[in-house]
Amino acid sequence: DGCGHTVLGPESGTLASINYPRTSPNSTVCEWEIRVKPGQRVQLKFGDFDIDDSDSCHSSYLRVHNGIGPNRTEIGKYCGFGFQMDGLITSKSNEVTVQFMSGIHTSGRGFLAAYSTTDKSDLITCLDNASHFSEPEFNKYCPAGCVIPFADISGTIPHGYRDSSSLCMAGVHAGVVSNTLGGQINVVISKGIPYYESSLANNVTSEVGPLSTSLFTFKTSGCYGTLGMESGVIPDSHITSSSILEWPNQTGQVNIWKPENARLKRIGPPWAALISDEHQWLQIDLNKEKKITGIITTGSTLAEHYYYVSAYRILYSDDAQKWTVYREPGMDKDKIFQGNTELYQEVRNNFIPPIIARFFRINPVKWHQKIAMKVELLGCQFSIGRAPKITLPPPPQNKNDEKNADFVDDLVHSVKTSLQTDKTTFTPEIKNTTVTPSVTKDVALAAVLVPVLVMVFTTLILILVCAWHWRNRKKKTEGTYDLPYWDRAGWWKGMKQFLPTKSAEHEETPVRYSSSEISHLRPREVPTMLQTESAEYAQPLVGGMVGTLHQRSTFKPEEGKEASYADLDPYNSPIQEVYHAYAEPLPVTGPEYATPIIMDMSSHPSAPLGAPSVSTFKAAGNQAPPLVGTCNKLLSRTDSASSAQALYDIPKGQLGPGSADQLVYQVPQSVAHPPGSKDE
């Protein structure tokens, strides 16, 4: 009566003392007899050992024997609080007896141990978790029987499990190992997440978990994709059932809960059986043999109809005539799968080993109120390797060849028989990479088309982006206040601004005249030069924002003296008045762009050099004057050339006539003076 949790599998298992991890009762005893395949040996590993040793292992102890029965021999006798058992206890044969004695004691948790055959060198126990290992990735062997009530896990696939979770119990929950068989797990450690979800799978409930520094997941074959119930790949005609629930609602409308409603996550009612008994079933035709690795179920998902299936069997067939009930290897009883505990939660069960079949049937054995469910199948494609091609010899030509023909017939018959026998008795090793030939062709076609389409779309996107950038750059090359080239007066002169010029400086660098060149000109040649050469310089703009004039200033005097040009006074030449190339201010209601004009200043009389005025052009060595005020001083264009005469000033900041040698180009004032008048 001292036996606790016990699962004895054909190659591995788990055993624990009664009440573990609490104190075991006094005066109890338990014996476990472990057998594995002949020719193999047994290894035993303790996950926890805490037995009272107050009487030196006299009444409370754990004893391990080689063999079973009266001829067994003792391997060792153990006791102690928190006893650390280093290494493994290995038998000399394929049989081991483990005996636990509990005498009079007041404390001690007892023990928990795992066993396996000696070829499983990386055996761990059900109590090991990810924090016990420092490697980022490792392989371990989990024994059978690790679904234990005193261990817990947090998380689910594919997000991962909290590092405090039992590795083997999480492996059962994830469906990578079987609780009745055990198996190998491939663990990958990664960074933790803030929250771990709860779920029910393979009769294991994972709890909600808080933030952790790390988590672990499992590497698998990858054969866990959905097989078409939710997506609709499986047509409605391939989903049938034993009966259909039909009932009228309050308005008299008949509700039919058909089998095609049994699609997971499909909005609406589920499939429900008309009669709730153990003879009802839901059948799915996969159209061809598939490798089925799992199933997910829910209840009705309708709050007003609290129906769900809590337990069921699984049957499968190749022809829908002869059915096989699913059983775990080595078991002589049908496996009963745990279903739902309420109508909303998705519950997953995995098949280890997987089912290879075309027809799949669910047979409910327990339910709540009525049989109703929604389903999705998990798995992947399955394909058997092609049989070897048999080449027959030519037909016999004589009697001697007839004997050879009989021999060939016997050979062909024997080969066919062996192939049929192998097909029915030998299960080939299945890899997840196998696909049907049609799928292979589709994959090859997709492998060609997808890169081509990606390249085409990428090229189109690049062309659009380049066009967009070119358009923006073209807009930026035009001044903020410039007219479009089709509206600009003298558009050819405007286009010459974008052509290479004689100056290597930036386009905003002011143009300067050399005093040595101007000194060789006659007075009447100066205005002519100003007109003919003006096309090579940017035209000044006058718009609503006068503050931009300094960026387009076209005339800047040479650094130093230019007395020879000032003495010439070229503006006193009596020729017909034309407008010089200065922009006039636009009216308030006019457009925002400046209109270039041409003015010949040679017909205007010269004014005294000492006349007080404001210059609109920058003098050598001084900063440019504020341009807002300058705009008001520009001379407005008039229709009559003789109606007014312009008066010119000296650069702003000069003291008087003594600075005549620094005189530069002058701008006509806004107030005209009569001929012969003098400024104050």
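Basis for what follows: all heavy atoms, side chains included, without hydrogens, waters or symmetry-related copies.
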Flag side-chain contact, heavy atom, 4.5 Å: [X] against [Y]:
X    : Y    : answer
V188 : K219 : yes
L245 : N255 : no
N139 : Q184 : yes
V375 : W271 : no
I314 : I362 : yes
N179 : N203 : no
T293 : P354 : yes
S206 : S154 : no

With rounding to the nearest 0.5 Å, note down the distance linking [atom1] in [X] to [atom2] in [Y].
X    : Y    : atom1 : atom2 : answer
K288 : D318 : NZ    : CG    : 14.5 Å
Q345 : T298 : CD    : OG1   : 10.5 Å
Q369 : I371 : CD    : CD1   : 12.5 Å
S165 : D128 : OG    : CG    : 13.0 Å
Y195 : R162 : OH    : CZ    : 13.0 Å
I295 : L377 : CD1   : CG    : 5.5 Å

When you check the gap from the basic side-chain N to the acidic O, do K374 and E230 get nearer than 4.0 Å?
no

Test log, rule side chain to side chain contact (heavy atoms under 4.5 Å, CB included), inputs L167 and I185
CA-CA 9 Å; L167 286 171; I185 59 173; 4.2 Å; yes

Would you sort out whether T301 and L343 count as a side chain to side chain contact (heavy atoms under 4.5 Å, CB included), showing the intermediate values?
CA-CA 5 Å; T301 67; L343 72 162; 5.6 Å; no

Judged by atom type as modelled, is there a donor-acceptor pair below 3.5 Å linking the side chain of [X] to the main-chain atoms of [Y]?
X    : Y    : value
E135 : E137 : no
E376 : M229 : yes
N202 : V204 : no
S310 : G339 : no
D319 : K322 : yes
T226 : G228 : no

Heavy-atom count check: over 12 atoms from other residues, nucleotides or ligands less than 6.0 Å from K335 NZ?
yes

Has K140 got more than 12 heavy atoms of other residues, nucleotides or ligands less than 6.0 Å from its NZ?
yes

Walk me through it: do I234 and I284 pass the test side chain to side chain contact (heavy atoms under 4.5 Å, CB included)?
CA-CA 8 Å; I234 300 175; I284 302 170; 3.8 Å; yes

Relative to each other, are the rings of Y306 and H368 parallel, tilted or perpendicular (30° and 60° limits)?
perpendicular

Would you call the rings of F360 and F351 parallel, tilted or perpendicular if under 30° counts as parallel and over 60° as perpendicular?
tilted

Side chains of [X] and [Y]: do they bring a donor and an acceptor to under 3.5 Å?
X    : Y    : value
Y312 : N349 : yes
T180 : E328 : yes
N340 : T297 : yes
R348 : N350 : yes
Q280 : S242 : yes
K191 : S214 : no
H173 : S199 : yes

Heavy-atom pair of closest approach, residues [X] and [Y]:
X    : Y    : value
N261 : P269 : CB-O, 3.3 Å
Y141 : S12  : OH-OG, 3.5 Å
P270 : L302 : CD-CD1, 4.3 Å
S243 : S241 : O-OG, 3.1 Å
Y326 : P353 : OH-O, 3.0 Å
K290 : F382 : C-CB, 3.9 Å

Salt bridge (Lys or Arg N to Asp or Glu O under 4.0 Å) between E11 and K120, intermediate numbers included:
CA-CA 9 Å; E11 293 185 346; K120 311 295 190 303; 3.5 Å; yes

Considering only the SG atoms, does C142 lie under 2.5 Å from C168?
yes

Side chain to side chain contact (heavy atoms under 4.5 Å, CB included) between W247 and W257, intermediate numbers included
CA-CA 9 Å; W247 54 278; W257 289 12; 3.9 Å; yes

Please assess Y196 against S212 for the test side chain to side chain donor-acceptor pair (under 3.5 Å), listing each intermediate value before the final yes or no.
CA-CA 9 Å; Y196 295 89; S212 67; 2.5 Å; yes

Verdict with reasoning, F216 to Y161, per ring pair (Phe, Tyr, Trp, His ring centres under 6.0 Å):
CA-CA 5 Å; F216 64 90; Y161 297 89; 5.8 Å; yes

